[in-house]
Amino acid sequence: QFLYFIEPMSDETFEASGSGASLTIPIQAGALKKGDHVCINGFPCKIVDISTSKTGKHGHAKANITAIDIFTGKKLEEVAPTSHNLEQPVVKSVTLGLLDVVDGYVHLVDDAGNTREDLKIPEDKELAAKIQECVDEGKDMACTVVAAMGKEQIMSKDR
């Protein structure tokens, strides 16, 4: 008989990685339609045009997808068999009130009074100028923050 002693390793660490929600979900290319979101080359995009071609010599109908990156505005295209799965990003949008802009970071507040100070002022010069103008004039303004695939960005503002 053998007796084994097992000591717990002191250098083991376990880290929480959020709620366990996936950044994307699979969706069949044939089920996509205009206005849906899809990942193209790893970028979250909104479909602006989609068409399907008939089955050809090689047997699969193809979906021709034209989409715009939701963060950069770049136009991307994808061609995939309609029977194949593509990744659809989980896109969340929330409206927050504008408080201030300090050192290039926008200070926002939600309906419950929780503040956020971790979002940079948008790279879109026109939107950044409008946000700064509202702060300077002391006007109330709401900002729409879009989150997808681990990235968050201020996309629009409402007075």
Side-chain angles (χ1 to χ4, degrees), residues 15-101 104-135 139-159:
E15 296 177 16
S17 61
S19 64
S22 177
L23 299 177
T24 62
I25 55 173
I27 187 166
Q28 201 168 24
L32 291 168
K33 57 189 182 294
K34 188 175 179 179
D36 284 347
H37 291 95
V38 68
C39 290
I40 298 179
N41 300 332
F43 298 103
C45 301
K46 186 170 190 173
I47 297 173
V48 292
D49 187 42
I50 186 165
S51 62
T52 54
S53 61
K54 294 180 181 179
T55 56
K57 188 162 102 178
H58 299 291
H60 288 288
K62 301 271 194 271
N64 300 302
I65 303 165
T66 304
I68 304 292
D69 185 315
I70 62 173
F71 293 122
T72 65
K74 287 185 183 176
K75 183 178 177 181
L76 298 167
E77 295 184 356
E78 176 82 33
V79 177
T82 55
S83 59
H84 288 199
N85 279 351
L86 296 175
E87 294 295 319
Q88 185 176 43
V90 177
V91 179
K92 294 181 182 170
S93 178
V94 65
T95 302
L96 302 170
L98 177 68
L99 294 175
D100 199 3
V101 177
Y105 285 88
V106 181
H107 293 212
L108 302 165
V109 64
D110 66 12
D111 292 337
N114 302 316
T115 59
R116 289 195 57 182
E117 302 172 354
D118 59 336
L119 291 171
K120 288 188 176 184
I121 197 155
E123 292 179 16
D124 177 355
K125 303 275 188 240
E126 186 179 323
L127 180 57
K130 287 180 183 176
I131 289 172
Q132 190 63 54
E133 176 186 325
C134 285
V135 168
K139 293 182 181 175
D140 284 341
M141 184 176 120
C143 295
T144 301
V145 178
V146 175
M149 298 182 69
K151 183 176 180 180
E152 287 185 296
Q153 186 171 314
I154 297 171
M155 299 301 293
S156 66
K157 62 106 193 137
D158 303 311
R159 286 196 184 213

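Here the structure is a predicted model, which is why all the values come from computation and not from measurement.
Between M149 and E87, every side-chain heavy-atom pair lies at or beyond the 4.5 Å cut-off. Side-chain contact between V94 and D110 is absent, with no heavy atoms from C-beta onward closer than 4.5 Å. Contact of the I50 side chain with the T66 side chain is not registered, since no non-hydrogen atoms from C-beta on lie closer than 4.5 Å. Annotation: side chain of V38 is not in contact with side chain of E78 (no heavy-atom distance under 4.5 Å).
Heavy-atom neighbours of Q132 CD from other residues, nucleotides or ligands within 6.0 Å: above the threshold of 12. Residue K151 places its NZ atom among more than 12 non-hydrogen atoms of other residues, nucleotides or ligands, all under 6.0 Å distant. Heavy-atom contacts from other residues, nucleotides or ligands closer than 6.0 Å to CG of D111 number 12 or fewer.
L119 contributes atom CG, which lies 6.0 Å from atom CG of L108 (distance to the nearest 0.5 angstrom). Expressed to the nearest 0.5 Å, how far SG of C45 lies from CG of D69 amounts to 5.0 Å. To the nearest 0.5 Å, the span separating CG on D100 from SG on C134 amounts to 12.5 Å. Atom CE of M141 and atom CG of L96 lie 11.0 Å apart (nearest 0.5 Å). For the atom pair C143 SG and K130 NZ, the distance stands at 12.0 Å (nearest 0.5 Å). Residue L86 holds its CG atom at 12.0 Å from CD1 of I25, rounded to the nearest 0.5 Å.
Among all heavy-atom pairs drawn from A67 and I40, the shortest one is CB-CD1, 3.8 Å. Contact detail for V146 and M155: the closest heavy-atom pair is CG2-CG, 3.3 Å. Shown here for L127 and S156, the closest heavy-atom pair between the two residues is CD2-N, 4.0 Å. Residues I70 and A148 share a closest heavy-atom pair of CD1-CB, 3.9 Å. For the residue pair A61 and T55, the shortest heavy atom distance occurs at N-CG2, 3.6 Å. The nearest pair of heavy atoms linking R116 to E152 is NH2-OE1, 2.7 Å.
The closest donor-acceptor contact from the side chain of E117 to the backbone of H107 lies at 3.5 Å or more, if one exists at all. In this structure a side-chain-to-backbone donor-acceptor pair under 3.5 Å is present from Q28 to S83.
Within the structure, ring-ring contact (aromatic ring centres under 6.0 Å, His included) contacts touching residues 62-84 (residues at least two apart or in different chains) are H60-H84.
Exactly one of I27, T52, T82 qualifies for a side-chain contact (heavy atoms from CB on, under 4.5 Å) with L32. That residue is I27.
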